[in-house]
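Working notes for the structure below.
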Amino acid sequence: MAIQARDYWALTKPRVVALIVFTALVGMFLAVPGLPPWRETVFGLLGIWLAAASAAAINHLIDQRIDKVMARTAHRPLATGALRPVQVLVFALALGALSMVILVLLVNVLTAALTFASLIGYAVIYTGWLKRATPQNIVIGGIAGAAPPLLGWAAVTNMQGQWDWAHALLLVLIIFVWTPPHFWALAIFRREDYARALVPMLPVTHGVAYTRWQILIYSVLLVVITLLPVAIGMSGVFYLGGAVVLGLVFLWYAWRLLDPPDEFFAMRMFNYSVVYLMALFAFLLVDHWLLPWLPGAGAAAGGLDFQRIR
Ligand code: HEM
Ligand SMILES: CC(C)=CCC/C(C)=C/CC/C(C)=C/COP(=O)(O)OP(=O)(O)O
């Protein structure tokens, strides 16, 4: 019984989904001055978590054949036979349905619709089609994984504010551009897995040297785009400092990857990419709280409204 619970938990890709939920949380906090409304925050996060977990379980179901062949994924519950496909299907549908009920009834219909689109985008369009069809799979499919800050933003504002779309989309854009270096670094290290499973990932179809250059190009783009929140007045100097330092390290990894010191270097870059995104969003969050206290800044900059906490 305990083993089955652990298998079901593994289906939800807990660590990936935890970071996804964190980016949604940051979207919620940046969307409004002060604290976001508690009901939309709590149930919004729950609904987004359930939908992402459901999408991850469907990914396991559709990818059974691939997962069995790849060393990295051969231990997964469906690949080993620890769970049967019908169990995974019921689990995924239950999580997805629960997510939609919570979002529609306790948050808003817009968030439910956008979350459902992300679920389909990852579980069906990316996993079922793009992953097997084109080396640009993760670039296009990355839109679904990048959406959570927008979902969080929609949950607490229902997109009523004037600049909501632009600000929320900027956060989405950051994750979207981060995804190719994040994934291709791992794919370089695991390219034999993908080749054996006949999955057309970029290092398999275009070679490692080409992939390294693509990683560098996306990394430069990423660092430039992470400066935009400051340029449009959404974030302040605290975030800027964090984004610059984190970004310089990211660029160092991408540059060094062109001539890596050892065969594990790509995996080190992949691991850093996860720390990077987590830290970048943490800087966005903390900066949002600090902004009103910094000289010359005020609630107009989108930060905490001083008057409200007196
Ligand atoms: C299409 C987009 C993406 C692809 C193809 C991708 C691919 C991967 C792969 C293959 C792994 C290794 C997982 C494992 O070994 O079990 C991984 C790990 C990870 N990904 Fe992504 N990823 C994507 C988007 C994202 C997004 C949007 C986030 C969060 C915002 C994210 C966060 C993580 C985290 C936290 C890990 C580490 C998990 C761990 O340590 O167990 N990924 N990703
Ligand atoms: C509703 C919502 C916000 C959905 C988000 C969906 C989600 C869980 C995105 C995570 C992206 C991810 C882990 C891709 C790897 O899939 P892969 O099949 O290439 O990797 P694998 O080989 O490790 O399974």
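Just follow the structure's listing: the first ligand is 1, and inside any ligand the first atom is 1. Keep in mind that what you see is a predicted model, and the values were worked out from it rather than measured.
- Atoms of ligand 2 lying under 4.0 Å from at least one heavy atom of Lys13, given by number and element, are 16 (O), 20 (O), 21 (P), 23 (O), 24 (O).
- Trp255 CH2: 12 or fewer foreign heavy atoms inside a 6.0 Å radius.
- The nearest heavy-atom contact from the protein to atom 3 (C) of ligand 1 is Thr179 CG2, 3.7 Å.
- Less than 4.0 angstrom separates some heavy atom of Thr115 from each of these atoms of ligand 2: 1 (C).
- Each of the following atoms of ligand 1 lies closer than 4.0 Å to a heavy atom of Tyr126: 5 (C).
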* To do: Given side chain to side chain donor-acceptor pair (under 3.5 Å), test Asn59 with Tyr122 step by step and report yes or no.
  => CA-CA 8 Å; Asn59 171 276; Tyr122 174 63; 3.1 Å; yes
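- Residue, atom and distance of the protein heavy atom nearest to atom 4 (C) of ligand 2 are Ala52 CA, 3.9 Å.
- Between Trp184 and Tyr218, the ring center distance clears the sub-6.0 Å criterion.
- Using cut-offs of 30° and 60° on the angle between ring planes, the pair Tyr194 and Phe183 is perpendicular.
- Looking at heavy atoms from C-beta onward, Leu216 lies in side-chain contact with Trp213 at the 4.5 angstrom threshold.
- For atom 40 (O) of ligand 1, the nearest protein heavy atom (residue, atom name, distance) is Arg15 NE, 3.1 Å.
- At a 4.0 Å heavy-atom cut-off, ligand 1 does not touch Thr73 at all.
- Salt bridge annotation for Arg196-Asp193: present, with a cationic side-chain nitrogen under 4.0 angstrom from a carboxylate oxygen.
- Assignment of Tyr126 to the shell around ligand 2 is supported, since a heavy atom sits closer than 4.0 Å.
- For atom 9 (C) of ligand 2, the choice among Thr12, Val21, Asp67, Ile20 with the nearest heavy atom turns out to be Ile20.
- Counting heavy atoms from C-beta on, the side chains of Met269 and Ser219 come closer than 4.5 Å.
- When only interatomic distances are considered, the shortest N/O to N/O separation between Lys131 and ligand 2 falls below 3.5 Å.
- Geometrically, ligand 1 and His182 share a nitrogen or oxygen pair separated by less than 3.5 Å.
- Residues Val199 and Tyr210 fall within the same hydrophobic cluster, defined by Ile, Leu, Val, Met, Phe, Trp and Tyr side chains chained together at heavy-atom separations under 4.5 Å.
- Residue-ligand proximity, Asp63 to ligand 2, at heavy-atom distances under 4.0 Å covers atoms 18 (O).
- Heavy atoms of Arg76 found under 4.0 angstrom from ligand 2 belong exclusively to the side chain.
- Leu150 and Val16 end up in different hydrophobic clusters when Ile, Leu, Val, Met, Phe, Trp and Tyr side chains are linked at under 4.5 Å.
- Looking only at protein heavy atoms, the nearest one to atom 37 (C) of ligand 1 is Val274 CG2, 4.1 Å.
- At most 12 non-hydrogen atoms from other residues, nucleotides or ligands lie less than 6.0 angstrom from CZ of Phe116.
- Within ligand 1, the atoms closer than 4.0 Å to a non-hydrogen atom of Gly145 are 27 (C), numbered from 1 in the order shown.
- For Arg72, a nitrogen or oxygen atom sits less than 3.5 Å from a nitrogen or oxygen atom of ligand 1, counting backbone and side chain alike.
- The nearest heavy-atom contact from the protein to atom 30 (C) of ligand 1 is Leu277 CD2, 3.6 Å.
- Using a 4.0 Å cut-off between charged side-chain N and carboxylate O, Arg132 and Asp63 make a salt bridge.
- The aromatic ring centroids of Tyr239 and Phe283 lie 6.0 Å or more from each other.
- Here the two rings, on Phe22 and Phe281, have centers that are 6.0 Å apart or farther.
- Atom 32 (C) of ligand 1 has Val16 CG1, 3.7 Å as its closest protein atom, hydrogens excluded (heavy atom only).
- Using a 4.0 Å cut-off to heavy atoms of Arg72, the atoms of ligand 2 that qualify are 21 (P), 22 (O), 23 (O).
- Summarising the contacts of atom 12 (C) of ligand 2 with Phe116, Tyr122, Trp49, the nearest heavy atom is found in Tyr122.
- In the hydrophobic clustering of this structure, Met234 does not group with Val223; members are Ile, Leu, Val, Met, Phe, Trp, Tyr whose side-chain heavy atoms approach within less than 4.5 Å, directly or through other members.
- Contacts of Ile138 with ligand 2, taken as heavy-atom pairs under 4.0 Å, are absent altogether.
- Across all non-hydrogen atoms, the minimal contact from Ile20 to Pro148 is CG2-CG, 3.4 Å.
- When the options Ala123, Gly145, Ser99, Pro148 are ranked by their closest heavy atom to atom 3 (C) of ligand 2, first place goes to Pro148.
- The aromatic rings of Trp153 and His167 stand perpendicular to each other, their planes meeting at an angle above 60°, with 30° marking the opposite boundary.
- A distance of 6.0 Å or more separates the ring centres of Tyr276 and Tyr253.
- For ligand 2, the atoms lying closer than 4.0 Å to a non-hydrogen atom of Ser118 are 1 (C), 2 (C).
- The shortest contact between atom 7 (C) of ligand 1 and any protein heavy atom is with Phe183 CD1, 3.4 Å.
- By the 4.0 Å heavy-atom criterion, Phe270 is counted among the residues contacting ligand 1.
- Heavy-atom proximity to Val16, at under 4.0 Å, picks out these atoms of ligand 2: 10 (C), 13 (C).
- Comparing Asn59, Ile140, Leu186, Ile138 by heavy-atom distance to atom 9 (C) of ligand 1, the nearest is Leu186.
- At least one heavy atom of Arg76 lies less than 4.0 angstrom from ligand 1.
- Of the heavy atoms in Ile66, none comes closer than 4.0 Å to ligand 2.
- Ligand 1 has Trp178 within reach: a non-hydrogen atom of the residue lies less than 4.0 Å from it.
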